Engineer: 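Please see the structure below; I have some questions.
Quick caveat: nothing in here was measured; it's all calculated off a predicted structure. In what follows, every heavy atom counts, from backbone to side chain, and hydrogens, waters and symmetry copies are set aside.
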2 protein chains.
Amino acid sequence: MPKIVDAEARRQEVVEAVFRIIASDGLERASLREVADEAGLAVGSVRHYFASSDELLVHSFAVVIDRIATRLEEAFTVVESLDQASAEHDNAVLTLLGQFLPLDEELAVDACVWMAFRHAARIRPVLEEEAARSHRAVAAVVGRLVMRLMPDAGTGQERLVTEAERLLATLDGLCMHALLQPEWMTFEVCRDVLSAHLDSLVVSRPTVNLKAHRE
Amino acid sequence: MPKIVDAEARRQEVVEAVFRIIASDGLERASLREVADEAGLAVGSVRHYFASSDELLVHSFAVVIDRIATRLEEAFTVVESLDQASAEHDNAVLTLLGQFLPLDEELAVDACVWMAFRHAARIRPVLEEEAARSHRAVAAVVGRLVMRLMPDAGTGQERLVTEAERLLATLDGLCMHALLQPEWMTFEVCRDVLSAHLDSLVVSRPTVNLKAHRE
DNA sequence: ACGGTTCAAGCACATTTGTGCTAAAAAGAT
DNA sequence: ATCTTTTTAGCACAAATGTGCTTGAACCGT
């Protein structure tokens with residue numbers, strides 16, 4: 001009966017426009033009119049696919065979360081498929097961690113958008129739920145990765161949590177710096193930092209009892 | 001001749017109002033009218049002390065940078081005054097690193113404001129200069145700290161840079177998580193993560209050549 | 001051919017924002 | 001008491017934003 005348009009594809013186009021605007025001009029410029037312009041549509045058209053500005057933003061947040069989570073899951077299955085302690089395994093781990101960083105154009109856009117939404121979620125309740133989902137999804141993958149990289153710490157669950165959080169913090173910090181101070185953060189520095197962190201993961205275990213950090 | 005008002009004190013009051021608004025409602029809500037209301041003034045009064053909205057925001061950014069930098073410098077002189085490898089030294093280092101985290105109300109406000117401005121500076125050219133100053137100031141202290149904690153790496157300057165960046169990234173990531181996911185980030189987790197990182201600093205040096213991350 | 005449904009576009013209105021400008025109030029100096 | 005300068009307050013205007021509502025346009029099934 002009606003004019004048939006692939007609604008989901010259209011929505012995706014609008015979301016891509018949102019991503020471009022956030023990456024170049026920030027979340028606060030992602031208004032309906034700006035998004036419509038960027039997508040080559042009228043405001044009314046955008047509003048036809050998204051009931052409100054909030055729905056558009058929440059959905060865009062969800063899309064970028066899914067993209068990142070999917071990349072991480074795929075990279076993790078690669079890691080799992082490789083023999084541990086092989087050079088390919090180490091490279092696969094670095095590739096996995098690199099999914100967090102703005103190493104190419106697409107990753108940079110996702111990183112910008114992801115950061116912007118997570119920070120906005122601190123203030124805007126509509127984004128809260130997706131922010132929590134985002135954190136759970138990423139923490140799950142990083143947690144599994146840490147468990148794989150520290151097989152000898154099976155008992156010390158507390159240490160696993162600490163190390164997962166530590167890796168997560170380092171990743172987010174690196175991503176932040178790569179976005180905010182790109183002139184100081186070359187690819188090499190990123191790689192060196194990640195390598196150093198991985199070294200610290202496998203080595204630091206037996207040294208815990210040497211120092212007196214028991215408080 | 002004129003009505004004498006401590007202009008600098010008034011500016012400071014306005015800046016404090018900006019901080020409160022950013023911490024509770026985000027940078028985008030820090031408009032002249034909101035700030036004036038929060039400060040108990042009229043828009044015209046705020047505009048008397050700050051020529052424009054941009055000047056107000058840039059000055060607020062500068063103030064928070066100075067506050068953080070001052071705290072770091074003071075904490076670092078404490079570290080320098082203590083005998084290395086003593087328990088007090090370790091505590092002083094943890095205290096220094098804790099200055100980055102929202103461990104109390106004042107630190108939390110500063111952390112919020114600092115994060116908000118740094119991210120805004122990616123987009124808004126007026127904030128660029130202060131953002132660069134902020135990064136230089138903090139990187140300087142963290143760099144000196146890393147040099148102190150890794151005395152044996154005197155030659156490997158590249159490694160020092162990597163470790164400084166790694167510590168900085170971990171700190172910023174921890175701060176982010178503490179602000180955005182406070183329910184998952186208790187004080188204890190923060191402390192454990194920082195302790196683990198410090199352990200990894202002093203230990204990881206001799207193990208670099210064991211693995212094949214040379215490529 | 002045509003009707004009904006979906007899509008696209010736009011108008012109108014209330015809010016909010018930054019800023020230029022004017023003017024009243026306050027208070028020390030004379 | 002009066003003058004002068006600072007301080008405070010407010011108005012007005014243009015620009016931008018979200019949203020309710022209306023109007024065409026397009027097109028598939030009958």
Engineer: Taking only Lys NZ, Arg NE, NH1 and NH2, and the carboxylate oxygens of Asp or Glu, determine whether B:Arg159 and A:Asp192 approach each other closer than 4.0 Å.
Structural biologist: no
Engineer: OP1, OP2 of C:dT15 versus side-chain N and O of B:Arg33: anything below 4.0 Å?
Structural biologist: no
Engineer: Which heavy atom in B:Val35 sits nearest to a heavy atom in B:Ala17, and how many Å separate them?
Structural biologist: O-CB, 4.0 Å
Engineer: If the threshold is 4.0 Å, N to carboxylate O, is there a salt bridge linking B:Arg11 and B:Glu8?
Structural biologist: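 Yes.
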Engineer: Applying side chain to side chain donor-acceptor pair (under 3.5 Å), name anything that partners B:Asp110, two or more places apart in sequence or on another chain.
Structural biologist: B:Arg67, B:Arg71
Engineer: For A:Tyr49 and C:dA8, is the shortest distance between a side-chain N/O and OP1 or OP2 below 4.0 Å?
Structural biologist: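 Yes, because at least one side-chain N or O of A:Tyr49 sits under 4.0 Å from OP1 or OP2 of C:dA8.
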Engineer: For A:Glu8 and C:dC7, give me the distance from atom CD to atom P, rounded to whole Å.
Structural biologist: 12 Å
Engineer: Can you tell me if B:Glu129 has over 12 outside heavy atoms packed within less than 6.0 Å of its CD?
Structural biologist: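 Atom CD in B:Glu129 is not packed in, count stays at 12 or less.
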Engineer: Between B:Glu28 (CD) and C:dG18 (P), how many Å, whole number?
Structural biologist: 12 Å
Engineer: Rounded to the nearest angstrom, tell me the gap between atom CZ in A:Arg10 and atom C1' in D:dA26.
Structural biologist: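 Answer to the nearest Å: 12 Å.
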Engineer: Please list, in numerical order, the residues of residues 37-48 of chain B that have a heavy atom closer than 4.0 Å to any atom of DNA chain C.
Structural biologist: B:Val43, B:Arg47
Engineer: Give the rounded distance in Å between these two atoms: CG of A:Leu32 and P of C:dA12.
Structural biologist: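 Rounding to the nearest Å, CG of A:Leu32 and P of C:dA12 are 19 Å apart.
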Engineer: Distance check needed: D:dT19 P versus A:Phe50 CZ, whole Å only.
Structural biologist: 14 Å
Engineer: Is a salt bridge present between A:Arg124 and A:Asp54, judged by a nitrogen-to-oxygen distance below 4.0 Å?
Structural biologist: yes
Engineer: Let me know the distance between CD1 of A:Ile21 and C1' of D:dA16, rounded to the nearest Å.
Structural biologist: 14 Å
Engineer: To the nearest Å, how far apart are A:Arg29 CZ and C:dT16 C1'?
Structural biologist: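 One finds 15 Å between C1' of C:dT16 and CZ of A:Arg29, rounded.
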Engineer: Calculate the interatomic distance between A:Leu27 atom CG and D:dG18 atom C1'; express it in whole Å.
Structural biologist: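 Distance, rounded to whole Å: 15 Å.
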